[in-house]
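Letters A, B, ... are given to chains in the order of the sequence lines, protein chains preceding strands, and every chain is numbered from 1.
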Amino acid sequence: MSIFVDGNTTIVLQGATGSEGSFWAQHMIEMGARVVAAVTPGKEGQKLHGVPVFHSVRRAHAQHAAKAAMLFVPPRFARDAVLEALDAGIPRVVTIADGIPLHDQIQIRAAARAEGAQVVGGNTSGVISPGKSMVGMFPYWIERVYRPGSIGVMTRSGSLTNEVTAWVVDAGFGVSTLVGVGGDLVPGSRFAEFLPAFETDPETQAVVIVGELGGTMEEEVAEAIRDGVFTKPVVAFLGGRTAPSGKRMGHAGAIATGSSGTVAGKVKELEGAGALVADRPCRVGELLARVVQ
Amino acid sequence: MSIFVDGNTTIVLQGATGSEGSFWAQHMIEMGARVVAAVTPGKEGQKLHGVPVFHSVRRAHAQHAAKAAMLFVPPRFARDAVLEALDAGIPRVVTIADGIPLHDQIQIRAAARAEGAQVVGGNTSGVISPGKSMVGMFPYWIERVYRPGSIGVMTRSGSLTNEVTAWVVDAGFGVSTLVGVGGDLVPGSRFAEFLPAFETDPETQAVVIVGELGGTMEEEVAEAIRDGVFTKPVVAFLGGRTAPSGKRMGHAGAIATGSSGTVAGKVKELEGAGALVADRPCRVGELLARVVQ
Amino acid sequence: MRLLEYQGKAVFKEAGIMVPAARVVRASENQALRDEACAAARELMSAAGIGRQAEQDPTGSSGGETAWFAPGVMVKAQVTSGGRGKAGLIVRAESPEDAGQAAVAIVEREPSVRVILLEQMVDSACELYLSISTDAGSARHLILASAVGGVEIETLAEQNPTAIQRVSVDPFMGLQPYQTRGLGYDLGFSGELVKRFAQVTSSLYQVFRANDTELAEINPLFVTQDGSLIAGDSKLIIDDNSLNRQPQFEVTREQYGTDTEYEAALEGIPYVQFDGDISLMCAGAGLTTTVYDLVQFEGGTVANYLEFGGPNYRKARRAMELCLKNRSSVILIVTFGTIARADVMAEGIVGAIAELKPDRPIVTCIRGTNEEAATETLADAGIEPLLDTEEAVRRAVAIAKGEQV
Amino acid sequence: MRLLEYQGKAVFKEAGIMVPAARVVRASENQALRDEACAAARELMSAAGIGRQAEQDPTGSSGGETAWFAPGVMVKAQVTSGGRGKAGLIVRAESPEDAGQAAVAIVEREPSVRVILLEQMVDSACELYLSISTDAGSARHLILASAVGGVEIETLAEQNPTAIQRVSVDPFMGLQPYQTRGLGYDLGFSGELVKRFAQVTSSLYQVFRANDTELAEINPLFVTQDGSLIAGDSKLIIDDNSLNRQPQFEVTREQYGTDTEYEAALEGIPYVQFDGDISLMCAGAGLTTTVYDLVQFEGGTVANYLEFGGPNYRKARRAMELCLKNRSSVILIVTFGTIARADVMAEGIVGAIAELKPDRPIVTCIRGTNEEAATETLADAGIEPLLDTEEAVRRAVAIAKGEQV
C-alpha cells in the first residue's frame, strides 16, 4: 500500500508525447506506475510506450478508466488541462508545470474543491512511493536519496527535498510516500490534506515536513496534530529562518510580511503541537531516530 | 408539520420595506410566518411590523438566525439578493420576482445547487401551508381556494392554481402545503425536488401537480413515481394540451418545440407511472376523490 | 424576442463569426422591389466574382482565390417562423434578374413579409449544426452540435440521436478550451477544422452570454471546400426579461407578423395572433393557456391569446382595444387573481366598455381578491358576472357559433 | 513584479479610481531636477487653485468648488521598498521652490531613486485601507478593508484586528454587489459613501483580475470632506508567472534598486541583492533559501541570492557574471537537481570559469542526476567537488572571513 497512488492506480498522461514528457513517462512506468492511456489533442491513434493516445481525457477515460492524471503540459495550458481531467471525473491530478499563473492556480484549486478531487502542484516534482509507483519526476535512481522505507515526506521544494531525504536515508530510514505540494502561492493541495492518508497508511511510521517561510501550510499541520487528526510523529525542517521580511526569495509562496508567514512563527506552532523541528537539514535524520524505532 | 416552512421556521425578509412588500409581510405574519428580521440596505435601525431592519442579510442573520428568506426585491436585483441569502447560509429562499433575466436565473439555480440550498421561484406566488405559515403571496382569505387539508399542491402558475385549488376544495379536500415553483424557464427549484418532503409529510395524503407544456418537470415527477421515490397518489392537470407548437404563450417556460415539451408527452409519462391526469381543472377534484379517502 | 436572420447575422459578424456577404431590401411596390433586389444581387454577384470573400474572416487564412461562393444568390424572406424553405420563402436565384423576380414572388406568396435578405451563395463541402441553450435541470449551458446540419434539431434528435454531441458548461466557469476542442474531435474533425470550429463555438458562446439569449443557433453552419466556417442561418432568441439591459435590441415592426402583435409587444402585453372567433382577454399565463384549451375542447376557435395579468392588470382598456382589432365575434374574459385584484379589473373592463363601445359581446368570469366588489361592479354595469370558467367558455363558444344564449 | 506607485496609479485611473493630479520627474543633475520638480509643482498647484479637481471623477458629482486639495504638493520617491515616509523619501512641500528642494534632497539621501512623483495634496477627512489578495486555503479572493487607513495592514492586524473587515470572493462567481455594499455598511459607512466605496472596491477588483495581480492595495484611500474617494498610494504586485499575458507591464530599470537586479530580471534569473561577502549561486528555490540560512548560522553574510535551477540550469555563465558584479569575496555553488542535471551544471561552471576568469574563489557542492560525471568534470578542471552542503557553507564562510582553508 501507499498513499495517493499505488501500482494498481490507473493513470492517464496529459501532454506526454513531447520529448520531456515521454522521457518521464518511461521512468514512471519503470517505477511501477500503471499508465493506461495518454492524451494529446490531434494524436489519437498513436501509441506512447505501448499505451494508446487519445484526443481528449473524456475519450481516453471512456475506454481506459483512469483514477489519476499526470500532466506534462506547459504552465499556460495547465488550467485547461486540469479542468479537463476534473470534468472527465479523474479524482487525482498531478500537474508539475512550473510557472502557472496565480489566477489560474486559484481556479484550479477552487474547481478541485468543488469536485471533491485532489490536484497536486504546480511547480512540484509530484508524488513518489519509492519502489512502488511514481507520478512525477524524481531521481529515484539515486539510492541515497530515494530508498523505500517508512517515512512519509511532504515538501514545498524540489532540490531541497533531495537534500533532506539524503539525510533521512543517511540516518537509516527510507521513504514510504513523498508528496511534493509545490512551491506556488496557491498550490492545488496543502500539507494538511494528506495527513489523513498518512495517518491510516500502515507503511508510514512518521512524517517529515519540508517547509519554508510564507503561507500557513505548516501551521495547518500543527493544527491537525493538536486536533488529533494526525497522531504519528512529525519532524520538520523549514527553510528561510533568516530570510529578510518583505523580500521574495525563491518560490512564489515563500515570502513573509511583518510577523505573518515567518519561520519563527511556524516553528512555535509546530513545536507547540509536539512536532520536532530541525534547524538544519542534516539534523532531520537524528530527530527522526528519536521518535521512530 | 408542513413542508418547506412551518410556524417555527425563522424567516428574514429582503426588500420588504416598500409598500407591496410591507403589505404582504403583514399577511405572512398573520398567517403564522415567524418573521425575525428584515433587510433593506440603508434602513438598519428601523422596524417593520415590529421586527428589526438590517443593512445586510449577514448582519441580520448574525443577530436573528434565519432558516428561510423571503425576497420582495425587483427582478433585476433578484440574483444579487438570492446570492446574498445563500452566502449568509440561509438554506431556503423564496423569490417572487416576475421577470428575472434568464441568465440570472441560471446562476441562481447553479449557486443554490452548489450550496445545497433550495431556492423557490422567481415568477411564483411562493409557498403556503394554509392555516400554518406562508412564504409568499396567496389569497388565503378566499376560503373556497385555500382551505387547510391533506392535499399537497405543486404548480408552475398563479391564477391557474387558484382555479384548480378551488376545485380541490369544492370536492371536499384542503391543502397541506402548496409550492409554487414558478413559470420561468429555469426555476430555482423543480417539482421532483419537493417529492421527498411530501412523501414523508404525515399531513399530505396525495399531491396535485398543476403543470403545463414546456420543459421536463412533469416527466421528472413521473420518473420519481416509477423509481419509488414518491408513493402517494398523484393527480395532475396540465395546461396547453392544444397549444400550437413553437409559439410561446404565457410563461417563459411554456413552449413546446417539435415533439419535446408537449402535454401529450407529459400525460403519457405521468399516466404510465400511475398518476391520474385531468384534462380540465374541474375534474381534478373527482380524480382526487378516487384515490384519497 | 426572436431576431430576424439578418439581425442575428449582424450579431454574429460583430462576434467574429463569418457570414455570407449580404444586402437587405425592404418590401415595397412590386417594380421597386424587383429593381432593388436585382441591383443588390448584381452587386453581390460581382463582388463574389472579384473578391470571393465572405464579409469577415478573422483567421485571415483565406486568400482571394478561395472558392467559397457558388454562382448566384439566395433570396430569403425575413420572418421568424420556421420552415421557410418548404413554404417557398427561400429561393435560389441564378442571376440578378431571377433574384428580383424571386423577391416579388416571395412577397406575393406571403404578404406579411416586410424584409428580404439577399446573400452570396456559399459553396459548402458539408453543413453542421451548432446551438447553445440552457439545461434547466442542471442549470448549465448546453451546447449541441452535429455534423449533420441543415436539419431541425428536433427531427435529428428523433431520427439520428447519436449524431448529436453535447457539451455542458458551468455558468460561472464558462466555456473552456478543452470543451470546444473536445467537441470538434468528437464530431470527427481533425487538424485546422478543429481549431476553426472551436473558435466559432467560442464566439457563439460569447454571443449567447453577452446578449442574454435563450437560444443561439447556427443551422446550417457551412464548411467550405477550404475549411472555412460560415453561418448559413441565424436563430437568436433574446430573453424578454433581459431586454432592458440589452438596449441594442429594439422591438421593431419587422419582427411581427401583424400590426396588433407589434402594438401589444410595445405595450408589454403578451399577445399571440390566431384567426378564430374568440378573443381571449384573460389574466395569468397558465389560466389563459387553459382557457385556450377549453375553448378548443368545446369546439370553438381562438382569435387571439391575450394576457393582461401581472403588471398589466390595470390595462383593461388597452387590452380590449387590441382584441377589437380582430375579426372575433366575442371577447372572453377569465381571471382568478391575487395581486391582480378582481375589483380593479372589473372597473377597468366597465370603463373600457364605456369608452370603446365594443361591437361584440363580452363574457366575463372574474374571481380572486375582492371578487364580491367585482361582481357588483359588473352587474351594476349590466354585464353578467359568471363565476365558473367552464360555463364562461361554453357561453363564449355558443355566441361564436351564433347560438342563442 | 511590483509596480511603482505612479505606475499603479495609472492602472487605477484607467479603471475609474480617482487619483490626485500628478507629474513624474526623473532624477538627473541636481539643478535640472530642482527646476523640473519646481515647474511640475507650480503647474499642479495652479491647477489645484483653479480647477480643484482630481484627475478623474467618474461619478461626475464633484463640482469645481469642492475643497479636495490642501495647499502644496507631495514629493514622493518612486521605489518599491516600504517605509518611504520614515526614510524621508516622501516630503510635503508648501511651495514650488520647496518641492524642487525636496526632490533634490530625496535623491541625495537615496541615490538609487530614479523617479520622483509630485502630486496635488489631498485634504482628507479620513483615510481608509483597501486591498485584494488571495486566500490560498479556500482558493478565494480576499478583500480586506478598514476605516483605519495609512497604517500597514500587518501592524493593524496586530494592534486592532477588529478594525479589519474581510470579504471572501469565489473566483468563478466574482465579486457581487451585495458584497461591496455589505462591506461599506460593515465599515460603518452610510448613504452616498457606501455607493462610492462599493464602486472603488468593484473597480479595484477589476484591476486585481484583469492584471493578474497578487496584491492590489490602496493605502491610504482618502475620503475627502465632500465624500469623494481618492487613492493616496498604490501597491500593485503583478504575478510574475502572468507577465507574458500582461504585455502592458514592461520590466524597467526604475523598478529595481540596482543594475544587477534589473539585468537578472531581464534574464529571468531570480536574484536579490544584499551587501555581504558570499555570492550564492545555487539551484532550487528551497535549497538556495536554506543555504542562505546556513551561511547566517555559520556567521557569514550574503552578497546576493541567485538561483539558476529550473529553466535556467544551463545559464551558469550568465549567473556567474551576475555574481561577479558584486563585491563578494567568494561564490558558493550548491545544487541537488533532478531535471537540472549535475553534469550539465558542472560543465557550465567549468566553462564559465574558463571564460570569465573569476577574481575570487569558488566553492562547489554539486549533487543530483549524473553527479558522478559532474564530480569528475569539476575535479578535471581543478575545482574541489564537495558533496556535503554543510561543509561547503563552512568553507565559503571561512574564505569570506579570510581564514586559511
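- Heavy atoms closer than 4.5 Å to chain C are found in both the backbone and the side chain of B/Asn162.
- Highest contact tally toward chain C, considering only B/Ala111, B/Pro281, B/Gly240, is held by B/Gly240 [criterion: heavy-atom pairs under 4.5 Å].
- Of all heavy-atom pairs spanning B/Arg113 and C/Ser138, the tightest one is NE-O, 3.7 Å.
- Residues B/Ile100 and C/Asn241 approach most closely at O-ND2, 3.1 Å, considering heavy atoms.
- Of all heavy-atom pairs between C/Ala139 and B/Ala110, the closest is CB-N, 3.6 Å.
- Chosen from B/His251, B/Gln107, B/Gln105, the residue pairing most often with chain C at heavy-atom distances under 4.5 Å is B/Gln107.
- Across B/Cys282, B/Ser157, B/Ala243, the residue that shares the most heavy-atom pairs under 4.5 angstrom with chain C is B/Cys282.
- Looking at C/Ile339 and B/Glu20, their side chains come closer than 4.5 Å, going by heavy atoms from C-beta outward.
- Ranked by non-hydrogen atom pairs under 4.5 Å with chain B, the options C/Pro171, C/Pro311, C/Cys282, C/Ala340 are led by C/Pro171.
- Only the side chain of C/Glu390 comes within less than 4.5 Å of a heavy atom in chain B; its backbone stays farther off.
- With a threshold of 4.5 angstrom between heavy atoms, C/Thr288 does not approach chain B through any atom at all.
- Not a single donor-acceptor pair under 3.5 Å links the side chain of B/His103 to the backbone N or O of C/Arg209.
- At least one donor-acceptor pair under 3.5 Å links the side chain of B/Arg109 to the backbone N or O of C/Gly137.
- For the side-chain contact (heavy atoms from CB on, under 4.5 Å) criterion with C/Phe336, the lone passing option out of B/Thr161, B/Val145, B/Leu160 is B/Val145.
- Looking at C/Phe208, both its backbone and its side chain come within 4.5 Å of chain B, counting heavy atoms on both sides.
- In this structure, B/Ile106 CD1 and C/Arg140 CZ are separated by 11.5 Å, a value rounded to the nearest 0.5 Å.
- For C/Asn160, the CG atom counts as densely surrounded, since its 6.0 Å shell holds more than 12 non-hydrogen atoms of other residues, nucleotides or ligands.
- Checking side-chain atoms of C/Asp293 against main-chain N and O of B/Gly239 turns up no donor-acceptor pair under 3.5 Å.
- Contact count versus chain C (heavy atoms, under 4.5 Å) is highest, among B/Lys247, B/Met137, B/Arg144, for B/Arg144.
- With a threshold of 4.5 angstrom between heavy atoms, B/Phe138 approaches chain C through N, CA, C or O but not through any side-chain atom.
- At least one side-chain heavy atom of B/Pro244 sits less than 4.5 Å from a side-chain heavy atom of C/Tyr292.
- Note on C/Thr289, C/Thr338, C/Asp240: by heavy-atom pairs under 4.5 Å with chain B, the leading option is C/Thr338.
- Atom CD of B/Glu286 has more than 12 heavy atoms from other residues, nucleotides or ligands within 6.0 Å.
- B/Arg76 is not listed as a side-chain neighbour of C/Arg245, based on a closest heavy-atom distance of 4.5 Å or more.
- If you tally non-hydrogen atom pairs under 4.5 Å between each of C/Asp388, C/Asn244, C/Thr213 and chain B, the highest count goes to C/Thr213.
- Looking at B/Ile142, the atoms closer than 4.5 Å to chain C (heavy atoms on both sides) all sit in the side chain, from C-beta outward.
- Of the inter-residue distances, the one linking B/Thr216 atom OG1 with C/Asp135 atom CG reads 7.5 Å to the nearest 0.5 angstrom.
- Among B/Asp184, B/Val164, B/Ile108, B/Val186, the residue making the largest number of heavy-atom pairs under 4.5 Å with chain C is B/Val186.
- The most heavy-atom pairs under 4.5 Å with chain C, out of B/Glu220, B/Glu163, B/Arg156, come from B/Glu163.
- Chosen from C/Glu152, C/Gln296, C/Glu307, the residue pairing most often with chain B at heavy-atom distances under 4.5 Å is C/Gln296.
- For C/Glu391, the CD atom is densely surrounded, since the number of other residues' heavy atoms within 6.0 Å is greater than 12.
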